[in-house]
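Reckoned from all heavy atoms, side chains included, excluding hydrogens, waters and symmetry mates. Throughout, residue positions are numbered sequentially from 1 according to the sequence presented.
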Amino acid sequence: MAAACAVIAAFGGISFAQRTTLADYKNITLKKEKTTAKKSEIDSYIQQTQQQYQKEVKRAAKKGDVVIFSRSGTCKNKIINELHMASAQAILGKDQFKKGYDKQLIGMKPGQNKTFNYTYGKKDTSDHCAGITVKNVYEVPKLTDSFVKKNLMYDNVAAYKKYVKNMIETQKKKEAKSYYEETAWNKVMNGTTVRKYPKSIMKECTDQLDKFYRSSAKNQGMKWSAFIKNYFKTEAKYKSQLKKQAKKQAKERIVIQKIAKKEGISYTDKEYKKREKKLAENFGYQSVKNLEKNNDKSTIKAYIMKQDILKIIMKNVKYK
């Protein structure tokens, strides 16, 4: 939660009825995201887990092994920089590079060199040579009931795969929820027209953003002139960007206030303190005091209010 990108809201008695046309926030349609775990995603996760238990071996590489190698390439004794790899990794049998490439690695031992003809590019049929040097060979344990039970604390492979599937789908649903909320809110913002921005709101937003940037410069140990030059090039460009960001935040502030008024969203002191404490915990602050030290109160109130508004918006969303 940062002051520069957070919603900045006021809760005064300013009326925007004649200068703002609010979007229909209860009539939003979103495209339904797929949250089912694909077999390839499950296999990829399990494969990465298996590799955590791989053991280095000195024997010749075989299918299923992980091989670390370097590669150089030449054409008519001229070096091809695009073919050079100081260190690369291949899971033999997956053909992660060109099809058939793994066959060149299978049977090679650590420290062994090999040169073979290599076609570079889809239409390039000229004579290229690839030189491979195998550095390390790692044996990846097979996914068996005994391996799963010993290392992953599941009774069998089926139980572990079920866990992985549920974990991936839970994460996808979480990501989809965030995507839906962000997309719905953007639709509300884009669908709202503000014909005139009150000077008081613009000034407050501008001042808070300027305060944030100056604080950032101080935290980075930079002089203000150096900060401007590094991030904005000139003072004029900084002011132009500041005005643009302040206008965007001012619009969000107006939208929050108008919807909150329409929906009758308000908090008693007790309710607000409870929500603020929960917010501090969610963002990893040790106390409300630390939260308020890093975020002004209007930002905190706006964030809390926006979450309640999003619940109303999402409750009415239609999916296609």
Practice item. Please step through side-chain contact (heavy atoms from CB on, under 4.5 Å) for the pair I312 and I265, ending with a clear verdict. Key: CA-CA 11 Å; I312 294 170; I265 299 173; 3.9 Å; yes
Revision key, fill the gap. What one should report as the nearest heavy-atom pair of L105 and A90 is CD1-CB, 4.1 Å
Practice item. Determine yes or no for a side-chain-to-main-chain donor-acceptor pair under 3.5 angstrom, with S216 supplying the side chain and F212 the backbone. Key: yes
Check your understanding: When you look at Y53 and L152, which way does the side-chain contact (heavy atoms from CB on, under 4.5 Å) test go after all the steps?
Key -> CA-CA 11 Å; Y53 296 88; L152 305 175; 3.9 Å; yes
Practice item. In sequence, state the C-alpha distance, the side-chain angles, and the governing distance for E169 and K173, and then conclude on salt bridge (Lys or Arg N to Asp or Glu O under 4.0 Å). Key: CA-CA 6 Å; E169 290 181 350; K173 287 173 184 176; 5.1 Å; no
Check your understanding: Would you say D65's side chain and V67's backbone share a donor-acceptor pair under 3.5 angstrom?
Key -> no
Review point. Do Q171 and E175 get their side chains close enough for a donor-acceptor pair, meaning under 3.5 Å?
Key: yes
**Study point:** For the student: nearest non-hydrogen atoms of D95 and D102, plus distance
**Key:** N-OD2, 3.0 Å
Review point. Does CD1 in I106 sit with more than 12 non-hydrogen atoms of other residues, nucleotides or ligands closer than 6.0 Å?
Key: yes
Exercise for review: For residues A302 and I256, report the shortest heavy-atom separation together with the two atoms involved.
Suggested key: O-CD1, 4.1 Å
Practice item. If the plane angle is over 60° it's perpendicular, under 30° parallel, otherwise tilted; pick one for W224 and F227. Key: parallel
Check your understanding: For K247, does the NZ atom sit with more than 12 other heavy atoms under 6.0 Å from it, leaving out its own atoms?
Key -> no
Revision key, fill the gap. For V57 and P110, the nearest pair of non-hydrogen atoms, with its separation, is O-CG, 3.8 Å
Exercise for review: Examine Y319 and I28 and state if one hydrophobic cluster contains both, with Ile, Leu, Val, Met, Phe, Trp and Tyr joined whenever side-chain heavy atoms are less than 4.5 Å apart.
Suggested key: yes
**Study point:** Derivation and outcome, side-chain contact (heavy atoms from CB on, under 4.5 Å), residues Q51 and Q89
**Key:** CA-CA 12 Å; Q51 284 181 245; Q89 174 180 294; 3.5 Å; yes
Review point. Can you tell me if T170 uses its side chain to pair, donor with acceptor, with the backbone of N166 under 3.5 Å?
Key: yes
Point to revise | side-chain contact (heavy atoms from CB on, under 4.5 Å) between K109 and V137, worked out | key: CA-CA 7 Å; K109 295 180 179 180; V137 176; over 6 Å; no
Exercise for review: Count the heavy atoms of every other residue, nucleotide or ligand shown that sit under 6.0 Å from NZ of K135, and state whether that count exceeds 12.
Suggested key: yes
Practice item. Evaluate whether atom CG of N282 has more than 12 neighbouring non-hydrogen atoms of other residues, nucleotides or ligands under 6.0 angstrom away. Key: yes
Review point. Does the N151 side chain pair with the main chain of F147, one donor and one acceptor, at a distance under 3.5 Å?
Key: yes
**Study point:** Y285 reachable from I300 in the ILVMFWY side-chain graph, under 4.5 Å edges
**Key:** yes
Exercise for review: Say whether L92 and V66 are linked into one hydrophobic cluster, either directly or through other cluster members, by side-chain heavy-atom distances under 4.5 angstrom.
Suggested key: no
**Study point:** Passing candidate, salt bridge (Lys or Arg N to Asp or Glu O under 4.0 Å) with E41, options K34, K172, K161
**Key:** K172
**Study point:** Minimum heavy-atom distance A260-M305, with the two atoms named
**Key:** CB-SD, 3.4 Å
Practice item. Pick out which of K311, K315, K258, K26 makes a salt bridge (Lys or Arg N to Asp or Glu O under 4.0 Å) with E263. Key: K26
**Study point:** Close side-chain approach of L30 to M314, heavy-atom, < 4.5 Å
**Key:** yes
Point to revise | Expected output: side-chain T192 to main-chain A23 donor-acceptor under 3.5 Å | key: yes
Review point. Donor-acceptor pair, N190 side chain versus N186 backbone, under 3.5 Å?
Key: yes
Exercise for review: Using atom types as modelled and distance alone, determine if a side-chain donor or acceptor of D145 lies under 3.5 Å from a backbone N or O of V157.
Suggested key: yes
Review point. Does one hydrophobic cluster hold both L22 and V317, with members joined at side-chain heavy-atom distances below 4.5 Å?
Key: yes
Check your understanding: Above 12 or not: heavy atoms from other molecules or residues under 6.0 Å from NZ of K114?
Key -> yes
Exercise for review: Could you tell me how the ring of Y101 sits relative to the ring of F69: parallel (under 30°), tilted (30 to 60°) or perpendicular (over 60°)?
Suggested key: tilted
Review point. Do E276 and Y267 get their side chains close enough for a donor-acceptor pair, meaning under 3.5 Å?
Key: no
Check your understanding: How about Y213 and Y231: are their ring centres within less than 6.0 Å of each other?
Key -> no
Check your understanding: When hydrophobic residues are tied together by side-chain contacts of less than 4.5 Å, even through go-betweens, does Y179 share a cluster with I168?
Key -> no
Point to revise | Nearest atoms (heavy-atom pairs only) where S266 meets E271 | key: O-OE1, 4.0 Å
Check your understanding: Are side-chain heavy atoms of D296 and E204 found at a separation under 4.5 Å?
Key -> no
**Study point:** D207/K211 under salt bridge (Lys or Arg N to Asp or Glu O under 4.0 Å): CA gap, chis, key distance, verdict
**Key:** CA-CA 6 Å; D207 289 348; K211 181 181 177 182; over 6 Å; no
